[in-house]
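Notes to accompany the following structure.
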Amino acid sequence: MFQKILASFLMVYVLSSQALNLELTQGINAAIPLGIAAFGSDDLGHELSKIIAHDLHLSGQFKIIESPEGTRMNQWQVLGADGVLTGSVTLGASNQYKVHFELADAQAHGRMILAKNYQITPTQLRALAHHISDEVYQKLTGIKGVFSTRIAYILVQRDARAARYFLEVSDFDGANPKQLLRSSEPIMSPTWSPSGREIAYVSFEKKRAEIFTVSIETGERRLLTSFPGINGAPAWSPDGRQMAVVLSKSGAPKIYSLDLASKTMKQLSFGPSIDTEPRFSPDGRSILFTSGRGGTPQIYQLNLADGQIKRISFEGNYNAKASFSPNQELIALLHRKDHAFNIGVQSLSSGKLTQLTNSDMNESPSISPNGRLVIYATHYFGKGILAMVSIDGKINLRLPAREGDVQEPAWSPYFN
Amino acid sequence: MTASPQYRLAFLGSFLIHLLFFGFLFYEHQDKTPSMAMDGLRLEAKPLPSAEASPKEEIIQAVHVDASEVAHMMNRIKSQRQSAQRAEFLRQKQLTQMAEAAKQKRIQEEKRLEKIKQEAQVAAAMQERKRLEEQAKIKELALEKAAEEKQLADLKEAQKNLEKLQIAENLKKEEAARVMAKLEEEKRKAEFERKRAAEQAEALKNKEELAKKQESEAQLAALKAENQARILSEIDKFKSLIISAIGQQWIVPEEANRHLSSQFNIRLAPTGAVLDVRLVRSSGDPVLDRSAQSAIYKASPLPVPVNPDAFNVFREISLTVRPESARG
């Protein structure tokens, strides 16, 4: 009798949980459709949403669906948006602005994903827009956004008689340029310190090459090396305590490391060939560099612990200016196969090299701190400009041109 | 100039005769200094005693020499010599001719020998060819013989097989006859049995009716099972349709961990419309969870079977989402 009761009980239990089991293991690789409504009907609101829309579009991971303010959630759903960003800008007390944004899940009946409030001055509008882009980007992709980072570059203005050189820093999208240095002699190879507070560069102001650092905040300068011959291609170590430099004081250009505190130097590469363009790896254990020791310029990796040197690039007849992605899985480099210079990305594990650009006269690749975008210098109608390409090669955008030629971009680290 | 004994003798004789004559001449005429140069003779004239030396000493005994006699003698000597010379010349000619003849003879002899040798070679070659031909013939004969023997063996083999077949056929015939006999026996038995069965038929009628009833019930059950099977195959079809529909909407996050998985509970209306999506177990990555959830919503209405029994299976779905495979 008891067994019968138990059996019927079990049967009921089994019958009640009879949901069908399914498993999904394959999806698609596509841009996330994101609806962005204008943050209000005034200029400020439009400006804000425009900057955010541009940022997220530039990332290559979003398909922006724009729609006027007041669009209802089911309309967004029909438009195919996964998420919807709405917000408002209201003028508050003492000329401050109250900004509010909401990120909603259009498919899950408008369920809220993220909402935040801010209070800013009018000058901080652009910075806040970038910050909101970072927030939305990270929430929807899980990756940290780079929309609040900056770039440094060299601007050259030439006229019939002479040329003028400027070291400038701007927002990552080229907006808000600020001049750090100006010279009648060439300035080259700008590179950011790990803190983002200083930039090292090469200056020919004394009519010969010298390496300086300049503070972004104060403009204060510091001379690092001034040896006879070449002083070039400075690169900071990840802990900010050392600088790799290229000196030719002993004959051929070789790589040295300079201890910034004690000013002691140590030679890192040897031999009669040209070694240049050193770059520390994110874990600080090795240095990538360009060398002609194999006959043509190729990328090599120096292990700082045992001094072993390993060749990295094998495709093409010219490979240079290599730098690591933050996760140390990829290298961005300048790559030439036949005659055209293009930006390439090589996987360290598989050795496979993918070309990201497909034109000519491209150079100076620099990877973003989240490893997803590469900024580089190129030419457009004879002018030197900057452009950006996503690491999977899908999105490629030119930054707005300037008065003069822009070259040698360097992407800043995160500013926290 | 062959110095044969006859020649030498002739020469010596001639020389002496000349000497004699010269002696006569000089003895006679001392003031004369004859210088007769003869063919083939080299004589040095002896210095003559000078006539002035001793004109008064002695009276020379002069012998009268008849000039014509001398001339005659000289002619005779000349002709003798000439004939000797001619004889010599003839002899020489004869010798050369003999030598030539001997040479010709030798050449001819050599030719003859050569010819004989060649003929011998030809004969030897022909002999060799004959020998080879004979060998080949012998071989051919041997092959023919072997072929004949093989044929003979084959025939014998075929004969044997034929005999075997005949034996087998005979066996079969006997077997068939036996089987036939058996069948007839069984037929007889069966007839006997049938008679008995007919007697029992009445008793079994009731039982049969009962069995029929059971059979129809079984048929019904079979139909039901068939229907169920159809539903199951439909279910399989729609299962993959649903997974595919959601997968096509699922934008997999770039940095998602391939080993994580989210689990959702989905409620469907008979139209396939998604009524409710509930996250039952999070993967730990909210971005991954949300991406899957959006996909489920976006795929609504999901493909579901029309048959109510079949649809019942899909009323509630437990979906596990895992970004395992490479993104398409």
Side-chain angles (χ1 to χ4, degrees), chain A residues 15-35 59-63 73-74 76-84 103-114 136-144 325-327 329 370-373 390-392 394, chain B residues 235 238-240 242-258 261-268 274 276-280 285-300 302 304 312-328:
Chain A
L15 281 172
S16 66
S17 59
Q18 55 176 343
L20 178 67
N21 284 316
L22 292 181
E23 196 177 62
L24 174 63
T25 56
Q26 191 170 10
I28 56 173
N29 183 2
I32 301 170
L34 179 70
S59 73
Q61 291 172 260
F62 288 92
K63 186 174 108 163
M73 198 51 65
N74 56 355
W76 283 115
Q77 199 175 13
V78 165
L79 283 167
D82 274 17
V84 174
L103 178 63
D105 191 332
Q107 296 299 326
H109 315 300
R111 203 183 304 161
M112 193 157 73
I113 302 173
L114 182 67
V136 170
Y137 182 84
Q138 178 149 15
K139 200 67 183 176
L140 292 180
T141 66
I143 306 168
K144 193 159 175 197
S325 64
N327 60 9
E329 281 173 22
N370 67 1
R372 294 221 42 91
L373 290 169
S390 56
I391 202 82
D392 52 17
K394 282 209 190 135
Chain B
I235 287 172
F238 278 97
K239 265 161 108 169
S240 56
I242 287 172
I243 292 176
S244 152
I246 300 176
Q248 273 171 15
Q249 299 293 338
W250 182 32
I251 299 172
V252 185
E254 302 244 352
E255 318 260 307
N257 186 333
R258 303 222 172 276
S261 67
S262 324
Q263 196 173 348
F264 295 88
N265 204 313
I266 309 170
R267 265 194 322 118
L268 297 180
V274 172
D276 188 36
V277 177
R278 229 173 356 109
L279 179 65
V280 167
D285 180 357
V287 179
L288 179 61
D289 294 340
R290 202 190 356 266
S291 70
Q293 188 180 272
S294 295
I296 298 169
Y297 278 120
K298 285 205 281 195
S300 172
L302 290 172
V304 288
N312 241 358
V313 181
F314 292 97
R315 226 176 249 284
E316 199 169 321
I317 296 176
S318 169
L319 177 71
T320 308
V321 179
R322 184 189 354 253
E324 216 172 62
S325 336
R327 284 135 66 217

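Letters go in sequence order (proteins before strands), and every chain restarts at 1.
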* Asked: Going from CD on A:Gln107 to OG on B:Ser300, what distance comes out if it is rounded to the nearest 0.5 angstrom?
  -> 9.5 Å
* Point-to-point distance, once rounded to the nearest 0.5 Å, from CD of A:Gln26 to CZ of B:Arg322 -> 13.5 Å
* Spatial distance of atom CD1 (B:Ile243) from atom CG (A:Leu22) [nearest 0.5 Å] -> 4.5 Å
* Asked: So does B:Lys298 pair up with A:Asp82, basic N to acidic O under 4.0 Å?
  -> yes
* Can you say whether B:Gln248 sits under 4.5 Å from chain A via the side chain, the backbone, both, or neither, judging by heavy atoms? -> backbone
* Which atoms of A:Ile32 approach chain B - backbone, side chain, both or neither, heavy atom under 4.5 Å -> both
* Partner chain B: residue of A:His109, A:Gln77, A:Gln138 with the largest heavy-atom pair count (under 4.5 Å) -> A:His109
* B:Ile242 portion near chain A, given a 4.5 angstrom heavy-atom threshold -> side chain
* Point-to-point distance, once rounded to the nearest 0.5 Å, from CG of A:Asn21 to CD of B:Gln263 -> 7.5 Å
* Structural part of A:Ala106 lying under 4.5 Å from a heavy atom of chain B -> neither
* Asked: Given a strict heavy-atom distance threshold of 4.5 Å, which part of A:Gln61 is in contact with chain B: side chain, backbone, both, or neither?
  -> side chain
* Which of B:Glu255, B:Arg290, B:Arg267, B:Gln249 touches chain A most, by non-hydrogen pairs under 4.5 Å -> B:Arg290
* Pairwise distance CZ(B:Phe264) to CG(A:Leu24) - rounded to 0.5 angstrom -> 10.0 Å
* To do: Dump the intermediate steps for side-chain contact (heavy atoms from CB on, under 4.5 Å) on B:Glu324 and A:Glu23, then the final yes or no.
  => CA-CA 11 Å; B:Glu324 216 172 62; A:Glu23 196 177 62; 5.6 Å; no
* Structure fact -> Per-residue tally against chain B (heavy atom, under 4.5 Å) across A:Leu140, A:Ile113, A:Asp105, A:Asp392 peaks at A:Ile113
* **Heavy-atom side-chain contact between B:Ile251 and A:Pro33 under 4.5 Å** => yes
* A:Leu20 side, atom CG; B:Leu268 side, atom CG - distance, nearest 0.5 Å -> 9.5 Å
